[in-house]
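Only this structure's heavy atoms are used, side chains among them; waters, hydrogens and symmetry mates stay out. Naming convention: chains lettered A, B, ... in sequence-line order (proteins, then strands); numbering from 1 in each chain.
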Number of protein chains: 2
Amino acid sequence: MYLRALSFMPEQDSEYVSSKDIADLLHIHSPQVRKDLSYFGAFGTRGTGYKISDLRKHVRKALKLDVVQKAVLVGVGKLGTALTSYPGFKMYGFDIAAAYDASEKRIGKKIGSVIIEDVAKLENIKNEDIKLAILAVPAENAQNIADILVACGIKGILNLAPCYLKVPKRVKVITIDIAVELSVLPYYT
Amino acid sequence: MYLRALSFMPEQDSEYVSSKDIADLLHIHSPQVRKDLSYFGAFGTRGTGYKISDLRKHVRKALKLDVVQKAVLVGVGKLGTALTSYPGFKMYGFDIAAAYDASEKRIGKKIGSVIIEDVAKLENIKNEDIKLAILAVPAENAQNIADILVACGIKGILNLAPCYLKVPKRVKVITIDIAVELSVLPYYT
DNA sequence: TCCTGTGAAATCTTTCACAGCT
DNA sequence: AGCTGTGAAAGATTTCACAGGA
């Protein structure tokens, strides 16, 4: 969140931001910003604020986004395709280094800079240095694919299927279910 | 979350679930489930658990999902298109009742059961009983569209653009930025 | 015996308020 | 004067533990 806020603050305007500047942009309070950033270490300047370029570097490093993170995309349907053309990925240092799908229509086609491979050969990712996976397959197949990914040494899964995945504790799963997010809106109307 | 958990529990198996059943499925603790559900009122049976059909009805009602919620989709690009074919929406009682886009290529085409209209005519939604909007447009246009939606009386916005929206307090915005979610994964690797 | 509902305790998070540096 | 960094206070959430109904 802070990284994205920083992306809206070109250094041309000013070299420094205050916690209040960031807070206003994110609609949160400034002590929150200072507390959060202080967990990464103290690198602001009293009286002046945070140097934008330094802050960006520190946050990227804390999140391990300072090196390019390779990710495999499994499921190149409409959602999967939409994701690859999403500019945000590159901004945060992600690289979709491989793509797999079950549909013959899609296998062999190019998406971004990679060729879509047969999901039956998903185990090939073992040979590449890929630690993250984006799972955009139907809910019915998600657990099955997740098991293979885990066996291949994947450490983190972004799950876009509306289901819960059983994985070992060492693997981090983040599930985004758009309908669940949408579900809370009527409550506020 | 609880609603989705219930969708995995067909009543054929057993008429009742315990808070522990639900907790295990969602990877949370059972007192959490009981506390949460108790805010909606007490409708479990001691010694037996919660009657699945009753629980579903109560949760749907509490979230105002017991009536069909009409939503307008703005931006029918890859992501917008992917969303309309997402089965989760119907499951939670959402109905995409209108769709708008800026591209001539897309205007006039059908998506789901509606015809894509010109976003310049977005104000037409005033005449329909639509309270929710799904915003799947580029970040540059998101605020502009949000302003129009607010002026049209929209009460809740699901924002899929990677940016922050300024809206009056009475309007609820939920932003999903997939790259932000993905960003936390490397931290755990 | 099994499981809910709920006060009380424990824990976690946010906000305050101010010392101290620039 | 302006803004960070941080203990302490306030607030919110989660977990415990158990009374009590089925």
For DNA chain D, which nucleotides open and close the run of contacts to chain A, 5' to 3', at under 4.0 angstrom from a non-hydrogen atom?
D:dG2 to D:dA8
Is any side-chain N or O of B:Ser19 closer than 4.0 Å to OP1 or OP2 of C:dT4?
yes
Both A:Thr48 and B:Tyr50 contact DNA chain C. Taking the nearest nucleotide for each, which residue is further toward the 5' end?
B:Tyr50
Classify the ring geometry of B:Phe89 against B:Tyr86: parallel below 30°, tilted from 30° to 60°, perpendicular beyond 60°.
perpendicular
Looking at side-chain heavy atoms only, is the closest gap between B:Val74 and B:Ile134 below 4.5 Å?
no
Looking at side-chain heavy atoms only, is the closest gap between A:Leu37 and A:Tyr2 below 4.5 Å?
yes
Going only through I, L, V, M, F, W and Y residues with side-chain contacts under 4.5 Å, is there a path from B:Leu132 to B:Ile154?
no
Between residues 30-37 of chain A and DNA chain C, which residues have a heavy-atom gap below 4.0 Å?
A:Pro31, A:Gln32, A:Arg34, A:Lys35
Going by salt bridge (Lys or Arg N to Asp or Glu O under 4.0 Å), name the residues that satisfy it together with A:Arg60, two or more places apart in sequence or in a different chain.
none
Would you please indicate yes or no on a ring centroid separation below 6.0 angstrom for A:His58 and A:Phe43?
yes
If you find the nucleotide of DNA chain D closest to A:Ser18 and the one closest to B:Ile28, which residue's nucleotide is nearer the 5' end?
A:Ser18
Using atom NE2 of B:His29 as one end and atom C1' of C:dT11 as the other, report the distance to the nearest whole Å.
12 Å
Among A:Thr175, A:Ile145, A:Val173, find the one that has a side chain to side chain contact (heavy atoms under 4.5 Å, CB included) with A:Leu135.
A:Ile145
NZ/NE/NH1/NH2 to OD/OE distance under 4.0 Å, B:Lys131 and B:Asp129
yes
Assign A:Tyr16 to base, sugar-phosphate, or nothing according to its heavy-atom contacts below 4.0 angstrom with the strands shown.
nothing
